Structure formats: structure tokens, C-alpha cells
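Remarks on the structure that follows.
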Amino acid sequence: MKLVTIYTDGACKGNPGPGGWGAFLRYGDTERDLFGGETQTTNNRMELMAVIEALKALKHPCQVHLYLDSEYVRKGMTEWLPSWKARGWRTASKQAVKNADLWQILDEVVSQSGHHIEWRWVKGHSGDPGNDRADALANQGVLTVQTGS
């Protein structure tokens, strides 16, 4: 399996407000930048979209080292997801899971992809080059939405 390194990040100007997501993918010497945004969203939704779009960009099953500064997404995928599904997308306090639509998409992408993913947390805005690049891409996604270009 190919080893692909991915950094993802989300950004939001206001929460909710205009938001963007970014992903930086590296396989050997090949690099790819992805970004997008939405006019009215939240930071957590953009964090989820960054991971969804990055994983969807991979055309074959890969070994993935996925770096993200969102404990919400990392813990969601590594700890909370099985319980949410077992409870019909409800939390332990019987509340509807926030962003369940995107969690369900991410769950499907991961389960159908054949990827072996290592979910690695990295501190945001700490000088990590991959995280900084993903952050810049997420902010580019916000600008694209704000300027309409």
C-alpha cells in the first residue's frame, strides 16, 4: 500500500459564518493542495469537510498518516463513532449528534475506501509546516467564498 501523508484544517470567520477547509496531501515527491468553503457554516463542519475531501481524493486504498488539529474529528473517529451509531446517532445524553450528516459521510468514506488510517493530532498554529499549509488552504477556502472567486 502506498503511504500518503495528509494534513487537514478548517477555518471559520464567525462561528457560524463563512468557512473554509484545506488539505495538503503528500505521496513521495508528489504534493497536492485541496480547498473549498461554504458561505454559512461552522468550524467543526469545515474540519470534517477537510478530512472527507482529502480521503475522497485518494483513488486507491492507501496507508494514511492523517494529521489534524481537531480533537473533535480525531476523537469522533477513534472513540465516539461506534457509540453514536449504536444509539442511532444520539450522544450518551440522548441528544442528536451534531453534524451527523457529515459524520455519516466520513464514516462511509472511511469504511468503503480500504484505507488504513492513523489519526494523528498535531497542535494548531505551532509551526508544524504541514498544519500551517493546511491552515493557509482553509483560509484560502474562506476567501474564495467571501470574494465569490
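Since the structure is predicted, the reported quantities are computational estimates derived from the model, not experimental observations. Values reported hereafter were calculated over all heavy atoms of this structure, with side chains retained and with hydrogens, waters and symmetry mates removed.
Listed by chain and residue number, nothing satisfies the side chain to side chain donor-acceptor pair (under 3.5 Å) test with S111 (two or more places apart in sequence, or in another chain). Taking the side chain to side chain contact (heavy atoms under 4.5 Å, CB included) definition, one finds that V145 meets it with P18, T39, sequence neighbours left out. In this structure, the side chain to side chain donor-acceptor pair (under 3.5 Å) partners of D69, at least two apart in sequence or on a different chain, are N131. Applying the side chain to side chain donor-acceptor pair (under 3.5 Å) criterion to R74, with sequence neighbours excluded, gives E71. When the side chain to side chain donor-acceptor pair (under 3.5 Å) test is applied to D33, the partners found at least two apart in sequence or on another chain are R133.
Taking CZ of R120 as the reference point, atom OG1 of T78 lies at 13.5 Å (rounded to 0.5 Å). Expressed to the nearest 0.5 Å, how far CD1 of I6 lies from CD of E53 amounts to 11.5 Å. Taken to the nearest 0.5 Å, the CG atom of L106 stands 10.5 Å off from the CE atom of M49. The structure places OG1 of T8 at 9.5 Å from CG of L25, a figure rounded to the nearest 0.5 Å. In this structure, CG in D135 is found 4.5 Å from NE2 in H125, a value given to the nearest 0.5 Å.
In plain terms, the two heavy atoms of Q40 and P16 that are nearest each other are NE2-CB, 3.7 Å. For L102 against I52, the heavy-atom pair with the smallest separation is O-CD1, 3.6 Å. Between A57 and L34, the closest heavy-atom pair is CB-CD1, 3.7 Å. The two residues P61 and G114 have their closest heavy-atom pair at CB-O, 3.6 Å. Residues V97 and W103 come closest through the heavy atom pair CG1-CD1, 3.9 Å. The shortest heavy-atom contact between A50 and A23 is O-CB, 4.1 Å.
W119 is listed as a side-chain neighbour of V51, based on a closest heavy-atom distance under 4.5 Å. By the 4.5 Å heavy-atom criterion applied to side chains, L55 and L66 are counted as neighbours. With contacts defined as side-chain heavy-atom distances shorter than 4.5 Å, the pair K13/N139 qualifies. For the pair Y7 and D128, the minimum side-chain heavy-atom distance is below 4.5 Å.
The cluster map of Ile, Leu, Val, Met, Phe, Trp and Tyr, joined by side-chain heavy atoms under 4.5 Å apart, puts L143 and W21 in different clusters. Linking ILVMFWY side-chain heavy atoms closer than 4.5 Å, directly or via other members, places Y27 and L58 in a single hydrophobic cluster. No continuous path of hydrophobic side-chain contacts links W121 to L48 [ILVMFWY only; heavy atoms under 4.5 Å]. V73 and V64 fall within a single hydrophobic cluster, where Ile, Leu, Val, Met, Phe, Trp and Tyr are joined by side-chain heavy atoms under 4.5 Å apart, directly or via other members. Cluster annotation: V122 and L137 are assigned to the same hydrophobic cluster (Ile/Leu/Val/Met/Phe/Trp/Tyr, side-chain heavy-atom contacts under 4.5 Å, transitive).
More than 12 heavy atoms of other residues, nucleotides or ligands sit less than 6.0 Å from atom CZ of R87. No more than 12 heavy atoms of other residues, nucleotides or ligands lie within 6.0 Å of CD in E108, so this atom counts as exposed by the packing criterion.
Contacts classified as side-chain hydrogen bond (donor to acceptor under 3.5 Å, both in side chains) and involving residues 89-99 (residues at least two apart or in different chains) are given here: R45-N99, Y72-N99, T91-S93.
Distance alone, capped at 3.5 Å, places no donor-acceptor pair between the H116 side chain and the Q63 backbone. Although no hydrogens or angles enter the test, the distance criterion places no donor-acceptor pair under 3.5 Å between the side chain of D9 and the main chain of A138. In this structure, S126 contributes its side chain and K123 its backbone to a donor-acceptor pair below 3.5 Å.
Relative orientation of the Y67 and H65 rings is perpendicular, given thresholds of 30° and 60° on the angle between their planes.
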